[in-house]
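Shown next, in structure tokens, is the structure this report addresses.
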Amino acid sequence: VVIEMNNFYTLTVYEKGSEVIRMLHTLLGEDNFQAGMRLYFERHDGSAATCDDFVQAMEDASGVDLGRFRRWYSQSGTPELTVTDEYDAESGVYRLHVRQHTPPTQDQPQKLPLHIPLDIELYDEQGAAIALQNQGKAIGNVLDVLEEEQTFVFERVPVKPVPSLLRDFSAPVKLHYDYSDEALAFLMRFARNEFARWDAAQMLINKAVIDGVARVQQGQGVELSPTLLAAFVAILDDAGLDSALKAEILALPGEATLAELFEVADIDAIHRVRNEIHTSLAHAFGARLASTYEGLRLTGYRVIHADTAKRALKAVVLGYLAALDAEQADVLVREQYAAADNMTDTLAALQVACNAIPWDCSSRPMRSSAGFAVGSLSQGEMAVCPHGIAPLCSPGVGTAAWGLCAHADSSKATATDDQRVAGGLAAVGFKRRGVGVVCDASMGDLLGVSFRANVFSRYKSPSSQAMRRWRAPL
């Protein structure tokens, strides 16, 4: 019998496989998981083993029934958890109603319930965690969601709590819970789990984007709630918060991520709304941005967490500074690019320089930084180009592509460099309208000829017909 394995090394296999193992660790705990690992190696070291062998070892070592959990290995699709709650102030009882549903897929129209670990925490009005109790006994934070519909009851809850759900991304599922802006801002400030704080910020931004896109489609302007603005300002002001976490929270989701919020993505509206949210946050941060940026400067390069975190936050802050004060950011971009002794600072300067350029690239001082950056990049630094292409091509792709081609020193580039640049430019052929695209050049088109000769001869002048095609919006 021959079994064809044509999906053995797909991204889905790797990512889902790692998430399944992580869920086992969440369900079993460190001690039981390690016991299961030891048993697995004792049984199967040096021999071929299956996923079922692995789960069986975990089950035997821990004594936990993982029969339903095995469905993660055989059932396709992304499960969705819909959570509702109710609170009885008189009895002090809080109930979480959880419904799981996996949408049908082509290979499996009927889906069965999975074993899903749901990590939660409840908070009172002051942000203190409420102990989880049921029938007079303390219970853990990880709830075992086993049925299609299930209710979890918590007793001795003194006030209506704010729930923190799916902490540490305890399962690879889509969560649906009707959080208010105030509840999400509360979790951004008080949640003890770092992922929960970041996730609350993401959900708050997602709500604003959904609302903003609807308003734009109706011909209205984008309006942000004071709650959202205050929540993000509080994050920037929080001196006790790790800089790496600050950077993750303050960095807005990309347009591709935001497009997943919609069944039909209005890419023009998403682009506009995201930019307006970014600009509004920059104005809410105000003078804090400049002082924060100065406080993140480092005197030398060290590979330690504290410095890595500061570099990441500095990159995010520089992006907001560009939206707030282009002239000031123009100076900072030049300084940061010239002084950079690491790729993080270099790419941050490139990205901010190019992303701050409007479509016509005619009225902003940041244009000088973009030209400077592209020119500097091409002078003997072609190794940076594959990494620099993405920031260079959004939103000022036409100008960036032109600058890259016009300034590049062909004597210092290799065929591999040409291919990487060509591939990068071809890859952005799917960029949104309003940010410019390489709209009629495929990877094959670019690599089928001498890319550098093609670009320098045919696209030498930005006013040529070919260059206009490169810069045309969709």
Side-chain angles (χ1 to χ4, degrees), residues 26-27 29-30 81-100 116-146 149-171 173-208 224-242 244-246 248-250 284:
T26 300
L27 285 169
E30 175 69 12
L81 290 183
T82 301
V83 180
T84 58
D85 59 353
E86 57 180 287
Y87 176 67
D88 186 339
E90 185 175 344
S91 62
V93 172
Y94 177 72
R95 292 178 174 87
L96 272 182
H97 305 290
V98 182
R99 182 179 183 273
Q100 63 165 297
I116 300 175
L118 177 61
D119 193 335
I120 75 161
E121 193 160 60
L122 307 180
Y123 295 96
D124 65 17
E125 297 167 336
Q126 285 72 45
I130 299 173
L132 304 183
Q133 300 182 55
N134 180 264
Q135 296 182 349
K137 296 181 180 179
I139 59 176
N141 293 91
V142 179
L143 308 180
D144 293 294
V145 180
L146 297 165
E149 295 187 9
Q150 206 165 338
T151 297
F152 298 91
V153 179
F154 305 95
E155 301 168 346
R156 301 181 68 179
V157 180
V159 295
K160 183 176 182 179
V162 176
S164 176
L165 306 173
L166 205 67
R167 299 190 317 152
D168 273 335
F169 196 56
S170 56
V173 302
K174 294 180 180 179
L175 176 68
H176 304 287
Y177 178 80
D178 189 19
Y179 278 113
S180 66
D181 286 2
E182 290 73 20
L184 291 172
F186 178 93
L187 291 175
M188 286 176 63
R189 179 180 180 185
F190 292 112
R192 298 191 298 179
N193 181 262
E194 292 185 345
F195 172 83
R197 298 183 75 168
W198 171 85
D199 196 37
Q202 296 287 296
M203 287 189 278
L204 192 54
I205 290 295
N206 289 348
K207 289 185 65 178
L224 297 183
S225 71
T227 300
L228 183 151
L229 297 174
F232 278 80
V233 169
I235 291 295
L236 185 63
D237 286 344
D238 190 345
L241 193 61
D242 182 79
L245 181 57
K246 274 190 184 182
E248 292 292 336
I249 291 177
L250 296 177

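Because only heavy atoms are used, hydrogens play no part in the values below, and waters and symmetry mates are left out as well, while side chains stay in.
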| request: Please work out whether the ring planes of Trp198 and Phe195 are parallel, tilted or perpendicular, with thresholds of 30° and 60°. | output: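 Trp198 vs Phe195 ring planes: tilted.
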For the backbone of [Y] and the side chain of [X], can you confirm whether one donor and one acceptor N or O come within less than 3.5 Å of each other?
X: Asp242; Y: Ala244; value: yes
X: Glu121; Y: Ala131; value: no
X: Glu155; Y: Gln135; value: yes
X: Lys160; Y: Tyr87; value: no
X: Tyr177; Y: Pro163; value: no

Under a 4.5 Å cut-off applied to non-hydrogen side-chain atoms, are [X] and [Y] in contact?
X: Leu165; Y: Val83; answer: yes
X: Leu250; Y: Phe232; answer: yes
X: Val98; Y: Glu149; answer: no
X: Phe190; Y: Val162; answer: no
X: Phe152; Y: Arg95; answer: no

Taking all atoms of both residues into account, what is the closest heavy-atom pair of [X] and [Y], and its distance?
X: Pro117; Y: Ser170; value: O-OG, 2.9 Å
X: Val157; Y: Val159; value: CG1-O, 3.1 Å
X: Ile139; Y: Gln133; value: CG1-N, 4.1 Å
X: Asp124; Y: Phe186; value: O-CZ, 3.1 Å
X: Lys246; Y: Ile235; value: CE-O, 3.1 Å
X: Asn193; Y: Tyr123; value: N-OH, 4.5 Å

| query | Just wondering, are more than 12 heavy atoms of other shown residues or ligands nearer than 6.0 Å to CD in Glu86? | reply |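 Counting neighbours around CD of Glu86, more than 12 heavy atoms of other residues, nucleotides or ligands fall under 6.0 Å, so yes.
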| task | Could you tell me whether Gln202 atom CD has more than 12 heavy atoms of other residues or ligands within 6.0 Å of it? | result |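 Yes - once you tally the heavy atoms of other residues, nucleotides and ligands closer than 6.0 Å, there are more than 12.
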Measure the [atom1]-[atom2] distance between [X] and [Y] for me, rounded to the nearest 0.5 Å.
X: Thr26; Y: Arg167; atom1: OG1; atom2: CZ; value: 10.5 Å
X: Arg99; Y: Gln150; atom1: CZ; atom2: CD; value: 13.5 Å
X: Ile249; Y: Leu204; atom1: CD1; atom2: CG; value: 11.5 Å

| field | Donor-acceptor pair between Asp88 and Tyr94 side chains, under 3.5 angstrom | value |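 There is no such pair between these side chains.
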| request: Scan side-chain atoms only and decide if Thr151 and His97 contain a donor-acceptor pair under the 3.5 Å cut-off. | output: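 Their side chains do contain a donor-acceptor pair, which is all the 3.5 Å distance test asks for.
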| task | Look at Arg197 together with Asp238 and state whether they make a salt bridge at an N to O cut-off of under 4.0 Å. | result |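 Judged by the 4.0 Å cut-off on N to carboxylate O distance, Arg197 and Asp238 do form a salt bridge.
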| Salt bridge present between Lys207 and Asp181 (N-O < 4.0 angstrom) |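 The answer is yes: the pair qualifies as a salt bridge.
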| message | For a side-chain contact (heavy atoms from CB on, under 4.5 Å) check, start with the C-alpha distance between Asp199 and Leu166, then their side-chain angles and the critical distance, and finish with the verdict. | response | CA-CA 9 Å; Asp199 196 37; Leu166 205 67; 5.6 Å; no
| Could you walk me through whether Ile205 and Leu228 pass the side-chain contact (heavy atoms from CB on, under 4.5 Å) check? | CA-CA 8 Å; Ile205 290 295; Leu228 183 151; 4.2 Å; yes
| query | Between Leu118 and Val173, is a side-chain contact (heavy atoms from CB on, under 4.5 Å) present by the stated rule, with each step listed? | reply | CA-CA 10 Å; Leu118 177 61; Val173 302; over 6 Å; no
| task | Report the C-alpha separation of Ile120 and Leu132 in whole Å, then their side-chain angles, then the decisive distance to 0.1 Å, and conclude whether the side-chain contact (heavy atoms from CB on, under 4.5 Å) test is met. | result | CA-CA 10 Å; Ile120 75 161; Leu132 304 183; 4.1 Å; yes
